[in-house]
Number of protein chains: 2
Amino acid sequence: MGGMPKPLPVIQPVPPAAACCPPLTAAPLTAEQAEELAVRLKAIADPTRLRLLSLMLASPGMQACTCDLTEPLGLTQPTITHHLRKLAAAGLVVPERRVGNFTYYRVVSDALTGLASILAPVAGA
Amino acid sequence: MGGMPKPLPVIQPVPPAAACCPPLTAAPLTAEQAEELAVRLKAIADPTRLRLLSLMLASPGMQACTCDLTEPLGLTQPTITHHLRKLAAAGLVVPERRVGNFTYYRVVSDALTGLASILAPVAGA
DNA sequence: AATTGAGATAGACACTTGTCGATGCGCTTC
DNA sequence: GAAGCGCATCGACAAGTGTCTATCTCAATT
C-alpha cells in the first residue's frame, strides 16, 4: 500500500523545553510544578539512561541508533528501546530519522540545559 | 549521664560535592560513574523532595526544622524525616544544628550547582 | 514472494520506593 | 521525677520500575 511512510512514533507528553518550573531558588514549588519537574528528573535518574545520553552526546550529531547502544551497555534490545522511550517521553531525546531499518535518536541538549538551569540558575557562572 | 551531646547522625555515604563524574558531554560515563550520579539524581527526582528543597531554600539561611515542613506538604512527620534522610544521604542537605527538640536541616547549595554543571556545563552562561 | 534483520510491543517478574501507623529516644517544662 | 513534645526508627503495604523472553511489524535484500 503506497501510504504514508509512518511518521515515527511521537510520544512526548511533556512540553519541549524545561518551561515547566521556576528555578528551585525562586520560590516554593507547587505540587503540580514539583510533579512535572520530577517526571523529567526521574528520566535521567537512572544509570542506564545516563549512559545512553552520554553515549549519544559523544556520537557525531548527538545521534545514535538502537543497535549502536545495545552492545556498549550489555543490555538487550527491548531494554534499550524501553529506556529510549522514557527519555523521549521526557523530551530529552527525539526520534530523529529512520534510515532503512535503523532508527536514529538525537539528544535534545536544550532540555538538559533547561533542567540544569532550574536546579541551579547560576551554574556555570 | 554527662556524656557527649550525641553529634547529630551523619549519614552521607556520598562525597560532599558533585565530584563524582565528568560532565555528560565530556565522554561516555562508566557504569560506576553512572551509578553514582544516578543516586544523587534519584534523590531530587521526587516531587516531595523537590518541594522540601524549595521550601528550605526559601527559608532564612536555607534552613528549616522538620516541624516547619510537615504542614505545608500535608504529609506525616515520619515521611518528612524519611525524605530528609534521603536528601542527606545524597549530600543535598545536612543536619545543621539542634535547638532544643528541633533539628534544623540546611540545603547544601554547592551540591545542587554541582549536579547542574554535570548535566549542562554551560548552563547559565 | 520469501528471507533477513532492526526495532517496537506485550507480558512477566523481582526489586525498589513512597507512604503510613506505631513505637522509642531525648530534651524541655512543669 | 513526671508529663509533653519533636524527631528518629521500625514494620508493613501498595505502587512503580528495570530487566528479561517471546512475539510482531516493517523495510531491505535476494
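This structure is a prediction, so every number in the text was calculated from the model and none was measured. Sequence lines set the chain letters: A, B, ... in the order given, protein chains first and strands last, and positions in each chain run from 1.
Per the geometry, CD1 belonging to B/I80 stands 13 Å off P belonging to C/dG18, to the nearest Å. Rounded to an integer number of Å, the gap from A/L52 CG to D/dG18 P is 12 Å. Rounding to whole angstrom units, CG of residue B/L84 and P of D/dC7 are separated by 10 Å. Rounded to whole Å, atom C1' of D/dT17 lies 14 Å from atom CG of A/L87. One atom, CG of B/D68, and another, P of D/dC7, lie 8 Å apart when rounded to the nearest Å.
Dashed line: the shortest gap from a side-chain N or O of A/R98 to OP1 or OP2 of C/dA6 is not under 4.0 Å. Remark: B/K86 is in phosphate contact with C/dG18, judged by side-chain N or O atoms under 4.0 Å from OP1 or OP2. Proximity of B/T76 to the phosphate of C/dC20: a side-chain N or O atom is located under 4.0 Å from OP1 or OP2. At C/dT9, one or more side-chain N or O atoms of A/R85 fall inside 4.0 Å of OP1 or OP2 (strictly under the cut-off). OP1 or OP2 of C/dA6 has not a single side-chain nitrogen or oxygen of A/T66 nearer than 4.0 Å. Checking the phosphate oxygens (OP1, OP2) of D/dG6, no side-chain nitrogen or oxygen of B/Y104 falls inside 4.0 Å. Contact annotation: A/T81 reaches the phosphate of C/dA8 (side-chain N/O to OP1 or OP2, under 4.0 Å).
With hydrogens and angles left out, the side chain of A/Q77 and the base of C/dA6 share no donor-acceptor pair within 3.5 Å. Between the base of D/dC5 and the side chain of B/N101 there is a donor-acceptor pair shorter than 3.5 Å.
The B/F102 side chain lies nearest to D/dC7 when the options are C/dG18, D/dC7, D/dT19. Closest to the side chain of A/C67, out of C/dC20, D/dC20, C/dG7, is C/dG7.
When every heavy atom of A/Q33 is checked against every heavy atom of A/C21, the shortest pair comes out as O-SG, 3.3 Å.
The backbone N or O of B/L92 sits nowhere less than 3.5 Å from a side-chain atom of B/R40 that would complete a donor-acceptor pair. Of the possible donor and acceptor atoms, one in the side chain of A/S54 sits under 3.5 Å from a partner among the backbone N and O of B/L29. The backbone N or O of B/A43 sits nowhere less than 3.5 Å from a side-chain atom of B/K86 that would complete a donor-acceptor pair.
Using a 4.5 Å heavy-atom cutoff, the side chains of B/D68 and B/S59 are not in contact.
B/L75 comes within 4.0 angstrom of the backbone, heavy atoms only, and of no base.
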